[in-house]
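So the structure is just underneath, and the comments pick up after that.
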Amino acid sequence: MVTALAEMPIVPVNGSDRDYAKHRYVLWFGTCGVTRLMIWARGLEDAIEIAGDWLAEHAPGHIMPEGDERLAELRKEA
């Protein structure tokens, strides 16, 4: 299993912010597949907020409320 994890890509979300950010975080999201995001931030709270913004724009199926119209569309497509 370690080999499979090592082969999964890590998406650098905000590399341009690393000059002012204090920490670097790798956060994992997903149920069936995994999306790993590398985020530079001043704290974990900021990193989670940045991750949420990125996921909403680039991977909308990861974070959305039950009953969302877009979620219903994605389920139909799947």
Side-chain angles (χ1 to χ4, degrees):
M1 178 153 177
V2 173
T3 311
L5 291 175
E7 294 173 2
M8 284 190 255
I10 298 174
V11 179
V13 172
N14 61 339
S16 62
D17 293 344
R18 65 178 153 193
D19 291 337
Y20 83 89
K22 193 173 184 179
H23 305 284
R24 180 175 57 177
Y25 298 90
V26 176
L27 304 175
W28 297 32
F29 300 90
T31 304
C32 299
V34 175
T35 301
R36 298 191 312 177
L37 304 177
M38 184 182 325
I39 298 163
W40 283 266
R42 294 180 184 214
L44 182 57
E45 233 176 83
D46 290 338
I48 291 171
E49 185 176 327
I50 292 166
D53 291 343
W54 187 92
L55 288 168
E57 184 175 340
H58 300 282
H62 281 305
I63 299 177
M64 57 180 32
E66 188 63 39
D68 188 290
E69 289 179 22
R70 179 73 179 128
L71 180 58
E73 290 175 20
L74 290 171
R75 285 184 175 152
K76 280 184 185 178
E77 289 176 17

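If you're wondering where the values come from, they're calculated on a predicted model, not measured in any experiment.
Of all heavy-atom pairs spanning Leu37 and Phe29, the tightest one is CD1-CE1, 4.0 Å. Shortest non-hydrogen contact noted between Val26 and Arg36 is CG1-CB, 4.4 Å. When every heavy atom of Tyr25 is checked against every heavy atom of Ala47, the shortest pair comes out as CD1-CB, 3.6 Å. The two atoms that bring Leu27 and Ala51 nearest to each other are CD1-CB, 4.1 Å, heavy atoms only.
Considering only residues two or more places apart in sequence or on other chains, Asp46 meets the side-chain contact (heavy atoms from CB on, under 4.5 Å) condition with Ala41, Arg42. Looking at residues two or more places apart in sequence or on another chain, you find a side-chain contact (heavy atoms from CB on, under 4.5 Å) between Glu77 and Arg70, Leu74. In this structure, the ring-ring contact (aromatic ring centres under 6.0 Å, His included) partners of Trp54, at least two apart in sequence or on a different chain, are His58.
Distance check, rounded to the nearest 0.5 Å: CD1 of Ile50 to CG of Asn14 gives 5.0 Å. The structure places CD1 of Ile39 at 9.5 Å from CG of Leu44, a figure rounded to the nearest 0.5 Å.
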